There are 2 protein chains.
Amino acid sequence: MADPRTSYDALLAELREIALLSSVGSLLRWDEQTQMPPKGGGHRAEQVSLIARLFHERLTSPRMGEFLDGAGELLATLPPDADEAVNVREVRREYERQRKLPAALVEELSKTSVLGQQAWAEARAKSDFSMFRPWLEKTVELKRQEAACIGAKSGDPYDALLDEYEPGESASNIERVFEELRPALVELIRAIGKSPRKAPIEILSRHYPASAQEKLAREAVTRIGFDFTGGRLDASVHPFCQTIGPGDTRMTTRYDEQNFGDAFFSVLHEAGHGMYFQGLPSEHFGTPRGDYVSSGIHESQSRLWENLVGRSRAFWRWCLPRARTEFGQALSGVSDDDWHFAINDVRPSLIRTDADETTYNLHVMLRFELERALLSGSVSPADLPAAWNDRMRDYLGLTPPDDAQGCLQDIHWSSGAFGYFPTYTLGNLYAAQFFDAARRDLGDLDSQFAAGEFNPLLGWLRRNIHAHGKRYSGPQLVEQASGEPLSARPLLGHLRRSAAELYGV
Amino acid sequence: MADPRTSYDALLAELREIALLSSVGSLLRWDEQTQMPPKGGGHRAEQVSLIARLFHERLTSPRMGEFLDGAGELLATLPPDADEAVNVREVRREYERQRKLPAALVEELSKTSVLGQQAWAEARAKSDFSMFRPWLEKTVELKRQEAACIGAKSGDPYDALLDEYEPGESASNIERVFEELRPALVELIRAIGKSPRKAPIEILSRHYPASAQEKLAREAVTRIGFDFTGGRLDASVHPFCQTIGPGDTRMTTRYDEQNFGDAFFSVLHEAGHGMYFQGLPSEHFGTPRGDYVSSGIHESQSRLWENLVGRSRAFWRWCLPRARTEFGQALSGVSDDDWHFAINDVRPSLIRTDADETTYNLHVMLRFELERALLSGSVSPADLPAAWNDRMRDYLGLTPPDDAQGCLQDIHWSSGAFGYFPTYTLGNLYAAQFFDAARRDLGDLDSQFAAGEFNPLLGWLRRNIHAHGKRYSGPQLVEQASGEPLSARPLLGHLRRSAAELYGV
């Protein structure tokens with residue numbers, strides 16, 4: 001048997017190569033979305049699938065098991081937050097997860113995901129749920145099998161799937177917080193709807209030239225701390241952020257000249273993801289110690305900058321004069337108050353990705369409830385449209401006119417991503433909880449923002465979140481940084497304060 | 001022993017995966033030159049080197065040897081230009097070449113190439129040959145060892161190195177043609193120098209806005225046949241063309257607003273390479289049957305479009321009206337004759353990459369002679385600057401004021417690329433020979449060009465060159481397409497006709 005330290009070093013070398021392969025895959029995908037000529041798609045699919053296969057083969061090879069077994073002793077002698085302990089623990093977690101899935105099931109899931117997405121895209125285009133239903137049925141059945149193979153301590157199959165995106169979190173804990181959040185939000189949104197005050201949202205659909213939008217967005221995210229010497233901003237159909245590796249983090253947006261917020265807030269959002277990537281300890285690249293915690297923690301970084309900073313009065317005290325310079329005419333006659341109200345408009349709508357900060361969470365909760373119900377069988381795929389529409393009426397007072405604007409709007413279920421949706425609202429909850437904690441530690445953030453100073457906040461995030469990599473789970477990190485477990489209180493407080501100020505409710 | 005057909009199929013599957021890996025490496029390099037943020041360099045180097053190692057390991061693995069042995073029988077039963085015969089023969093050639101090189105030598109060459117390039121870059125910046133000399137000495141010694149390991153039927157070590165770039169060609173054959181070309185060119189250039197007629201080159205350094213240059217270049221290369229639905233044009237420090245795979249061929253240029261020709265002719269040049277990539281049979285991707293013949297044949301495609309088409313009177317009959325629309329003022333008062341003369345100016349200069357079509361070949365011959373002399377030992381690295389300057393005086397009547405503008409100007413020797421230089425002039429020779437043959441087969445190309453019709457010529461190149469992949473060697477292809485072996489006559493004829501028309505010599 002090899003010395004544990006030797007096994008650990010071999011494990012790290014192997015992990016770094018696997019991560020290099022994966023990072024090559026990231027570039028292939030970024031390029032596909034932003035640069036690749038149309039005819040390159042067929043070859044690109046082959047490149048991506050070769051790299052994915054090489055990645056998967058090495059991640060699940062018996063060699064990895066040997067290295068992990070050999071290095072396992074280190075866990076007994078080191079504190080659980082030592083680098084080596086973090087790496088052995090987290091790699092073993094991922095390795096076990098992968099090894100529990102029979103190759104035939106992985107292949108079937110992968111094939112169904114591709115074909116299911118194609119069927120979904122067509123079904124959505126025609127707003128015809130019946131075209132997608134058989135694929136949803138098959139996907140639900142396969143995800144049940146996946147959950148059964150993986151298992152969960154709690155016995156709840158949903159936890160086995162959630163674990164892929166939010167390790168350490170549980171459906172019951174999410175439910176506890178969501179149950180507190182939901183009625184409060186429904187009530188708040190109803191009250192806002194009854195308020196005589198209406199946001200002057202028409203000012204956001206004046207003419208905002210794309211080049212000026214890009215200039216302002218670049219200036220803003222440079223100021224908050226995104227490092228363009230180690231990153232890029234490009235255009236793509238859907239905004240996203242991808243890291244290619246240390247020193248190379250790329251985000252995208254899209255520009256609509258009749259819509260100010262679409263690009264600007266998406267760039268703040270992606271820059272939040274980007275600064276998290278840029279803040280991970282690069283010396284630990286390729287190992288869990290240098291990797292992000294979870295989807296929810298990642299989303300907390302994007303939502304914090306997009307909403308808690310980017311929609312604040314203080315931020316626009318710094319940014320609005322710059323926007324006035326860039327857009328001149330469009331902003332003539334627009335007061336600071338008008339602007340602040342317009343970008344914080346709360347209004348029930350049908351599409352999640354267009355939803356405001358407050359109603360967004362109800363879209364997510366609806367999906368979380370429905371995907372649990374689909375997995376448990378209490379809602380059958382055939383009944384999904386009706387169940388969806390019932391909840392839309394209950395939570396947001398709206399009825400989708402068709403399924404394209406209802407249960408067919410998201411790609412997630414068609415690609416098999418069950419367990420992903422709650423991470424969006426977890427991100428909002430974490431963000432508000434982190435932001436309260438940062439305020440507590442850093443004092444008057446507002447006057448810093450108004451002066452264009454964002455370094456103290458970014459520094460706090462670097463120290464309390466980014467620098468740790470996967471050292472702590474999401475729930476641990478939240479408790480450690482804020483002094484209490486996940487709670488609906490900070491987010492609700494933030495949304496209620498904003499509603500009180502703007503809508504007088 | 002496996003059935004030869006089974007071995008052949010396994011060989012092909014392996015080759016395709018190796019080619020996919022290599023094509024991923026191509027994207028990594030393209031992205032590095034055009035998109036990567038500055039801080040991404042360190043990580044990129046690790047990605048590139050991992051992919052290169054995986055590529056090399058698989059290309060030289062014993063498995064490949066087994067597949068080749070197993071498929072070898074096919075050679076006995078099939079004609080030499082059958083797909084299977086081409087693939088087995090060419091893969092074996094490459095496999096044997098790689099296997100003859102000891103791993104230690106490969107590693108030493110690779111390390112010396114990186115460090116030698118760094119030393120060269122610094123030496124060139126300071127124009128201090130002594131800083132580069134020890135690296136040149138080491139590189140020459142390693143290349144001698146490489147040539148000895150590989151061996152050559154002719155017994156000439158240079159042939160072993162040339163074979164990497166121009167399989168089937170030999171130094172003695174190149175020498176035969178160069179010996180015919182050199183004195184004729186020296187004489188022609190002297191006569192041109194004495195002519196009272198001078199090209200109005202100042203019109204090329206008027207103000208040509210970069211956006212208009214790009215627009216014209218895109219229109220021109222679209223017209224000659226570059227397919228932008230399967231390709232791109234971007235900006236980079238040095239122009240190049242790279243294929244990522246079928247349907248994805250990317251070229252770059254750089255724009256100088258005070259220099260019309262720099263970008264325009266480089267885009268024609270790279271589009272020539274690009275159309276060759278786009279014309280290779282994609283169903284044979286990853287195998288020699290779908291690969292380009294050699295560096296010289298590749299260069300023939302770029303030079304044909306850049307010079308034989310792109311500097312012709314007929315081409316500009318179609319293109320100059322478009323240029324006048326794009327550039328308006330810059331071309332006011334410029335006659336068709338002025339333009340034609342300016343873009344065909346012949347004038348000795350110090351730097352190869354800036355040289356005109358006629359003097360260019362003397363720059364190449366000088367390097368061919370010197371790299372042979374360095375390998376044979378008849379010129380020592382220490383004597384290189386003097387030997388270089390002597391030849392510059394003899395061939396072009398110029399003395400470099402310093403080594404940066406003399407023997408330090410090119411990257412090739414610092415990176416170990418001995419045997420590459422002659423492929424530039426081979427490209428010019430092949431291009432002229434192909435062009436004569438196409439004229440013979442297609443009739444009046446000039447009136448086609450004047451009407452903006454380039455399809456017949458591209459079709460001829462597709463049929464006679466592109467479609468064959470590596471089915472024939474360069475020398476075979478030339479003889480087959482033109483009816484005679486490589487000859488200096490077509491190129492000399494072209495250059496002499498042009499000189500007679502423009503300079504009256």
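In this text, all values refer to a predicted model and were calculated from it rather than measured experimentally. Here is how names work: the chains are called A, B, and so on, in the same order as the sequence lines, proteins then strands, and each is numbered from 1.
- Residue contact with chain B, scored on non-hydrogen atoms closer than 4.5 Å, involves the backbone and the side chain of A:Leu28 alike.
- Residue with the most contacts toward chain B among A:Gly41, A:Gly42, A:Ser282, A:Gly230: A:Gly230 (heavy-atom pairs, distance under 4.5 Å).
- For the pair B:Ile244/A:Asp31, no side-chain contact is recorded, criterion being any heavy-atom separation below 4.5 Å from C-beta on.
- No more than 12 heavy atoms of other residues, nucleotides or ligands sit less than 6.0 Å from atom CD of A:Glu107.
- Between chain A and the options B:Val24, B:Asp234, B:Thr249, heavy-atom pairs under 4.5 Å are most frequent for B:Val24.
- Within 6.0 Å of NE2 on B:His207 lie more than 12 heavy atoms contributed by other residues, nucleotides or ligands.
- Proximity to chain A involves both the backbone and the side chain of B:Leu21, based on heavy atoms less than 4.5 angstrom apart.
- Heavy atoms of B:Arg250 lying under 4.5 Å from chain A belong exclusively to its side chain.
- Residues B:Arg58 and A:Leu54 share a closest heavy-atom pair of NH1-CD2, 4.1 Å.
- Between chain B and the residues A:Gly40, A:Gly247, A:Pro37, A:Pro38, the largest count of heavy-atom pairs under 4.5 Å involves A:Pro37.
- At a threshold of 4.0 Å, the pair B:Lys39-A:Asp248 does not count as salt-bridged, since none of the basic side-chain nitrogens sits closer than that to a carboxylate oxygen.
- Of the two parts of B:Phe285, only the side chain, counted from C-beta on, holds a non-hydrogen atom closer than 4.5 Å to a non-hydrogen atom of chain A.
- Atoms CD and CG, on A:Glu46 and B:Leu20 in that order, are 5.5 Å from each other to the nearest 0.5 Å.
- Of the possible donor and acceptor atoms, one in the side chain of B:Arg232 sits under 3.5 Å from a partner among the backbone N and O of A:Gln35.
- With contacts defined as side-chain heavy-atom distances shorter than 4.5 Å, the pair B:Arg44/A:Leu27 qualifies.
- The two residues A:Ser23 and B:Gln47 make their nearest non-hydrogen contact at OG-NE2, 2.7 Å.
- The CZ atom of A:Arg53 sits 4.0 Å away from the CD atom of B:Glu17 when rounded to the nearest 0.5 Å.
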